[in-house]
Peer 1: 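Sharing a structure, written as structure tokens. Questions coming.
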Amino acid sequence: MSDLLEQPKAETKPLSGAGKSYGIPMSVLAEITHRCPLQCPYCSNPVELDRANAELTTDEWKRVISEMADMGVLQIHFSGGEPTARRDLAELIRHATEVGLYSNLITSAVLLTRDRLAELSDAGLSHVQISFQGSEAQLADRVGGYRGGHGKKLEAARWTRELGLPLTINAVMHRQNLHQLPEIIEMAVALDAERLEVANVQYYGWALKNRAALMPTEEQVDWTTQIVEEARERLHGILAIDYVIPDYYALQPKKCMGGWGQQFFNISPSGKVLPCHAAESITGLQFDSIRDHSLAWIWENSPALNLYRGTDWMPEPCRSCALKEEDFGGCRCQAFALTGNASATDPACSFSPFHEKIFRAAKTEAEGSDQFIYRNFKGGTPEANRS
Amino acid sequence: MSAVPARTLRLELTDASRPRLARHARLKFDKVRELWVLLVPERVLVPDETAIEILNLCDGERSIEDVVDLLSEKYAADRELIRTDVIALLQDLADKGYLINAAEEKS
């Protein structure tokens with residue numbers, strides 16, 4: 001059985017303009033709010049957060065969820081911010097279930113109660129992903145900037161399994177918590193999770209602000225790879241572990257989102273349709289809103305989505321590269337963050353002229369200060385009592 | 001954490017197992033793409049024709065033996081070959097957590 005991702009050929013349709021094609025969107029990340037009680041310094045949300053009064057209404061979300069199903073979207077990921085901060089979450093999940101979508105909840109879990117989770121389960125929720133900031137409360141609560149958070153997550157993970165829902169543990173890893181990886185793996189097994197995502201921080205937005213406090217050392221990365229390989233073998237059939245090495249230490253760029261605007265999109269709290277959750281970090285791009293157009297229109301016509309579809313936009317060294325359709329030149333947001341030019345080759349690629357420079361920068365930053373800048377609506381607050 | 005009974009044992013399928021898809025593994029026909037898909041956490045799988053037929057027979061009532069019997073009869077093929085294929089497919093899904101053995105479920 002193969003992943004649908006690996007079989008896009010039969011279902012891509014040509015766009016006007018040679019060399020451009022895109023698929024039927026398969027899954028959507030619905031960031032229903034940017035509000036969140038946690039203040040993680042690597043948050044994937046943009047630095048400029050959408051305020052509560054800009055958020056789409058329940059009816060607007062229901063309309064676009066119906067449109068997703070009509071377009072062929074199969075899975076919806078309810079995310080944020082913290083999605084459970086919205087009181088209408090169960091109603092949105094129920095609507096997604098009614099139109100035939102498979103729904104995932106991506107949550108910090110600190111606002112959940114057992115009753116609330118049962119309500120979401122009854123609405124048809126299929127899967128719960130809970131983020132963890134470490135293996136024990138002291139470090140985890142410091143990273144999340146939320147006292148008591150770790151304990152609440154453990155409790156919510158147990159309720160998830162008691163209610164018969166499958167559980168994924170998402171562990172966001174960086175220099176200051178990588179040493180806890182063996183304990184995190186054991187925690188995932190003890191919580192009866194099916195999957196563990198060992199998610200190395202991706203450096204856009206908030207994480208870019210905090211890069212010096214988060215960047216792992218090369219030794220940590222090598223050690224992590226060994227730990228993951230050993231655990232995968234030992235826990236075969238018990239716990240699946242997803243792991244991608246951090247971009248800055250890679251030689252080849254990741255096939256980001258399976259290609260810009262190919263099979264995924266993201267809807268921001270205020271209704272903008274983005275090719276990924278970080279795309280607003282590329283300044284100068286105008287993303288269309290579901291308040292102005294139908295989803296199907298945006299998927300087909302949005303200039304920002306069409307900009308980096310296919311391979312025609314590529315400069316050298318991508319243009320003449322044999323791997324250009326394998327990785328689509330890597331990540332546009334990372335290219336912008338590190339070179340100031342979103343159409344440059346992703347510097348994670350060893351063919352990029354910037355590759356050496358970013359690798360050196362990573363090594364230098366890995367020796368930097370541990371002080372965080374916490375994520376909030378005020379543009380960030382430096383951690384107290386640490387420098 | 002020790003209060004939670006963790007799934008520390010791999011589900012190993014035998015002829016007597018009565019597998020069915022877990023609640024979070026949903027087999028459905030996608031009308032837009034005109035193909036069968038298996039929806040699982042964070043992924044969409046495309047089963048081939050044989051897999052679709054096998055999965056549709058795995059209802060938690062039939063044992064693997066029953067499924068193999070039905071398929072051998074229908075295709076008049078070597079029973080042992082069919083059994084190997086059926087178990088290989090289902091064990092792979094069980095290892096990923098998408099399959100439940102109804103014979104082991106507490107009622």
Side-chain angles (χ1 to χ4, degrees), chain A residues 1-8 10-11 23-27 69-75 77 100-106 121 124-129 154 157-168 170 186-195 197 235-240 242 263, chain B residues 1-13 20-55 58 85-102 105-106:
Chain A
M1 223 177 283
S2 59
D3 279 45
L4 185 54
L5 254 186
E6 289 161 14
Q7 322 200 320
E11 65 199 43
I24 299 168
M26 186 172 75
S27 73
D70 292 342
M71 289 167 77
V73 172
L74 297 166
Q75 296 212 6
H77 309 281
L101 295 179
Y102 185 101
S103 45
N104 301 286
L105 176 65
I106 300 178
S121 176
L125 183 64
S126 290
H127 168 234
V128 176
Q129 175 180 313
L154 291 173
R158 290 187 201 108
W159 296 330
T160 302
R161 298 298 297 125
E162 281 169 23
L163 291 165
L165 287 162
L167 172 67
T168 293
N170 173 268
E186 295 323 307
M187 179 183 81
V189 173
L191 290 172
D192 197 19
E194 288 183 344
R195 276 174 68 243
E197 290 182 0
L235 299 171
H236 179 72
I238 295 168
L239 180 73
D242 286 357
Q263 294 201 312
Chain B
M1 256 180 288
S2 53
V4 182
R7 177 173 38 106
T8 44
L9 284 176
R10 178 174 180 229
L11 167 57
E12 299 211 31
L13 297 173
R20 65 171 173 82
L21 285 171
R23 161 192 158 151
H24 59 273
R26 209 178 303 153
L27 184 66
K28 79 165 207 176
F29 187 75
D30 172 27
K31 284 180 282 191
V32 177
R33 294 173 184 77
E34 298 183 321
L35 50 83
W36 283 87
V37 289
L38 182 60
L39 302 176
V40 294
E42 321 258 344
R43 290 173 79 186
V44 178
L45 303 171
V46 184
D48 61 23
E49 269 178 53
T50 318
I52 295 163
E53 184 164 18
I54 294 170
L55 288 175
C58 290
D85 285 352
V86 167
I87 290 190
L89 170 85
L90 296 177
Q91 185 64 55
D92 180 48
L93 293 174
D95 283 344
K96 293 179 172 128
Y98 307 152
L99 216 60
I100 281 171
N101 180 10
E105 274 181 300
K106 292 175 204 120

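Letters A, B, ... mirror the listed sequences (proteins, then strands); counts begin at 1.
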Peer 1: Can you say whether A:L105 sits under 4.5 Å from chain B via the side chain, the backbone, both, or neither, judging by heavy atoms?
Peer 2: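 Answer is neither: A:L105 stays 4.5 Å or more from chain B.
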Peer 1: Quick check on A:L235 against chain B: is it the side chain, the backbone, both or neither that has a heavy atom closer than 4.5 Å?
Peer 2: neither
Peer 1: Quick check on the interface: out of A:G164, A:A240, A:A157, A:S121, who has the most heavy-atom pairs with chain B under 4.5 Å?
Peer 2: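 Option with the greatest count: A:S121.
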Peer 1: Measure across A:Q75 and B:V44 and return the closest heavy-atom pair with its distance rounded to 0.1 Å.
Peer 2: NE2-CG2, 4.0 Å
Peer 1: Nearest 0.5 Å, what's the CZ-NE2 distance between B:R23 and A:H127?
Peer 2: 12.0 Å
Peer 1: Could you walk me through whether A:R195 and B:K96 satisfy the side-chain contact (heavy atoms from CB on, under 4.5 Å) test, starting with their C-alpha distance in whole Å, then the side-chain angles of each, then the deciding distance to 0.1 Å, before giving a yes or no?
Peer 2: CA-CA 9 Å; A:R195 276 174 68 243; B:K96 293 179 172 128; over 6 Å; no
Peer 1: Taking every heavy-atom pair that is under 4.5 Å apart, which of B:Q91, B:R26, B:K28, B:E42 has the most such pairs with chain A?
Peer 2: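 Highest number of heavy-atom pairs under 4.5 Å: B:E42.
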Peer 1: Which answer fits A:D70, side chain, backbone, both or neither, if we ask what part of it has an atom under 4.5 Å from a heavy atom of chain B?
Peer 2: backbone
Peer 1: So, A:Y102 side chain and B:H24 main chain: donor-acceptor pair closer than 3.5 Å or not?
Peer 2: yes
